[in-house]
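Working notes for the structure below.
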Amino acid sequence: MNNKKPKNVFKEGAITSEFIGNSIYKHQTKTSIGAHNIFLGQVRADIVDGKTVSVIEYTAYEDMANNKFHEIRESAFEKFDLTCMHIYHSLGKVNAGEICLFVFVSSPRRKIVFEALEYIVEAIKADVPVFGKEIFEDETHQWKQNT
Amino acid sequence: MNNKKPKNVFKEGAITSEFIGNSIYKHQTKTSIGAHNIFLGQVRADIVDGKTVSVIEYTAYEDMANNKFHEIRESAFEKFDLTCMHIYHSLGKVNAGEICLFVFVSSPRRKIVFEALEYIVEAIKADVPVFGKEIFEDETHQWKQNT
Amino acid sequence: MNLNIKYFGQIAEITNQNEESIEFSGLIVSELLDVLYSKYSDLKNKDFQVAQNQELVLGDKEITGSEIALLPPFSGG
Amino acid sequence: MNLNIKYFGQIAEITNQNEESIEFSGLIVSELLDVLYSKYSDLKNKDFQVAQNQELVLGDKEITGSEIALLPPFSGG
């Protein structure tokens, strides 16, 4: 296997709690790990001018996005003593209350996972060409802006 | 329900990945949440003088510990705009690779969860009277020291 | 030269397509943008970045003929 | 007065019990510790804190008769 080839980070639709639980389970054979830190992005039912967001539909410049995820991954492994790192991002429709981003880092020690996770999540928000269309209950929409 | 009464944070034995997945699932009805951050402490199979840790057996000064968990909880809600916060800690035997600490914070916005989670985990490590006995494969033991 | 241009998000709403081929005789990114502004005047009011060969480029960057993309503000996560 | 004293972790290994009643005629924590040191000389080499009424106290703290605990270094998580 060529480690340099970017993996596909995208998953169609929401990321389920079963998938996350199962991913945690798989790390129980790695007994050098002492600390995991997990970030989950969840779709908010924001109210804008009296209308409630019911779905975010994600699109991405997929090739560039997977390359950026790969760069973020390589740079995080260089900066931090991580045992494992996993990133999953939704494409397509994700309902309010469902999970659209799952970032999972593991290390022998806790201080490292805190620093690494925040670094990775901020880099994803800043550098990865993913676009969220916030669809209201009446089918109108606006484009999500990260803050 | 009296909110001022400390909840029991302790669970007998390891915290399972199913329990964690289910806890994530329960938050999908809370659509004001935009970001979750989860810390998991996992028992490391550390090697000390050629012997491998196979189990940590946790004991606690339970009443004081639950009071301290409660104080940490109250202080975190005061400091940070959190929607939810959950803490679970194991008592008794937890095998290497299994999870002994689960801290889960949720908020509308991500920057808050990063700060809050690290604050809470550091406070737990510093202030809560829990004691870990690291049992080696040959049944000898040493007492865990947090660093 | 013939360029393949990709559009995303609210930019694709203005161009009404996700990708197109454009015949381009200029040299740099800002000249390409002038071509696109005259074709899609609403683009002028939009905030976007340009990627060439999957890397963000500025207006003075030479167009090499690789894939070009117009990217609105990122909003992943 | 009669004090109930709890022991935890490696401290309980030295005292060989998790709790006991002790008749105490002094006033402050350090005097209680002197009683315990004379009973369990190995305690002198151990790192621990004292809690009274579930709050950590220093050696000059007055003993009020509430529950006392000897707590080795915390190692939760």
Side-chain angles (χ1 to χ4, degrees), chain A residues 14-47 52-54 56 83 94-111 113-115 117-119 121-122 124-125 144 146-147, chain B residues 14-47 52-54 56 83 94-111 113-115 117-119 121-122 124-125 144 146-147:
Chain A
I15 298 160
T16 67
S17 56
E18 290 81 5
F19 181 85
I20 297 161
N22 193 40
S23 182
I24 293 167
Y25 178 73
K26 286 182 191 160
H27 287 74
Q28 306 208 328
T29 54
K30 302 199 176 179
T31 56
S32 67
I33 293 173
H36 304 286
N37 198 353
I38 293 171
F39 179 85
L40 303 174
Q42 182 167 300
V43 172
R44 277 198 314 271
D46 278 350
I47 297 170
T52 304
V53 172
S54 63
I56 295 184
T83 311
V94 182
N95 295 320
E98 292 183 328
I99 289 163
C100 55
L101 174 61
F102 171 27
V103 184
F104 187 0
V105 296
S106 309
S107 166
R109 312 226 162 246
R110 74 182 180 282
K111 298 205 190 278
V113 292
F114 290 127
E115 276 185 68
L117 187 70
E118 186 163 5
Y119 169 83
V121 172
E122 294 303 325
I124 291 170
K125 298 269 182 180
K144 183 169 182 266
N146 281 350
T147 49
Chain B
I15 297 160
T16 66
S17 56
E18 290 82 5
F19 180 84
I20 297 161
N22 192 41
S23 182
I24 293 167
Y25 177 73
K26 286 181 191 160
H27 286 74
Q28 304 207 330
T29 53
K30 302 200 176 179
T31 55
S32 66
I33 294 172
H36 303 289
N37 199 354
I38 293 170
F39 179 84
L40 303 174
Q42 183 167 299
V43 172
R44 278 198 314 270
D46 278 350
I47 298 169
T52 303
V53 172
S54 63
I56 295 184
T83 312
V94 182
N95 295 320
E98 292 182 329
I99 289 164
C100 56
L101 174 61
F102 171 28
V103 184
F104 187 178
V105 294
S106 309
S107 166
R109 312 228 161 246
R110 76 182 179 282
K111 297 208 190 275
V113 293
F114 290 126
E115 276 185 70
L117 187 71
E118 186 163 5
Y119 169 82
V121 172
E122 294 304 325
I124 291 170
K125 299 267 180 182
K144 182 168 181 268
N146 280 350
T147 51

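As the structure is a prediction and not an experimental result, all values here were calculated from the model. Letters go in sequence order (proteins before strands), and every chain restarts at 1. Just so you know, these numbers use all the heavy atoms, side chains as well, and skip hydrogens, waters and symmetry mates.
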query: Should the pair B/H27 and B/F104 be assigned to parallel (<30°), tilted (30 to 60°) or perpendicular (>60°) ring geometry?
result: tilted
Residue selection (most heavy-atom pairs with chain A, distance under 4.5 Å) from B/R110, B/E18, B/R109: B/R110
- prompt: Can you tell me how far CD of A/Q42 sits from CD1 of A/I56, rounded to the nearest 0.5 angstrom?
  reply: 11.0 Å
- request: Select one option (side chain, backbone, both, neither) describing which atoms of B/I99 are under 4.5 Å from chain A's heavy atoms.
  value: both
message: Would you compute the distance between atom CG of B/L117 and atom OG of B/S106 and round it to the nearest 0.5 angstrom?
response: 10.0 Å
- prompt: Hey, what do you get for CD1 (B/I24) to CZ (A/F19), rounding to the nearest 0.5 Å?
  reply: 11.5 Å
- prompt: For A/V113, is it the side chain, the backbone, both, or neither that has a heavy atom closer than 4.5 Å to a heavy atom of chain B?
  reply: side chain
query: Hey, which of A/I124, A/I15, A/V94 is the one that makes side-chain contact (heavy atoms from CB on, under 4.5 Å) with A/L101?
result: A/I124
query: Can you say whether B/I20 sits under 4.5 Å from chain A via the side chain, the backbone, both, or neither, judging by heavy atoms?
result: side chain
message: What's the separation between atom CD in B/E118 and atom CD in A/E115, rounded to the nearest 0.5 Å?
response: 8.0 Å
statement: With chain B, the option among A/N95, A/I33, A/N22 that has the most non-hydrogen atom pairs under 4.5 Å is A/I33
message: Taking side chain as everything from C-beta outward and backbone as N, CA, C, O, which of these in A/S32 sits under 4.5 Å from a heavy atom of chain B? Side chain, backbone, both or neither.
response: backbone
message: Using a 4.5 angstrom heavy-atom cutoff, name the option from B/K30, B/E98, B/K125 with the most pairs to chain A.
response: B/K125
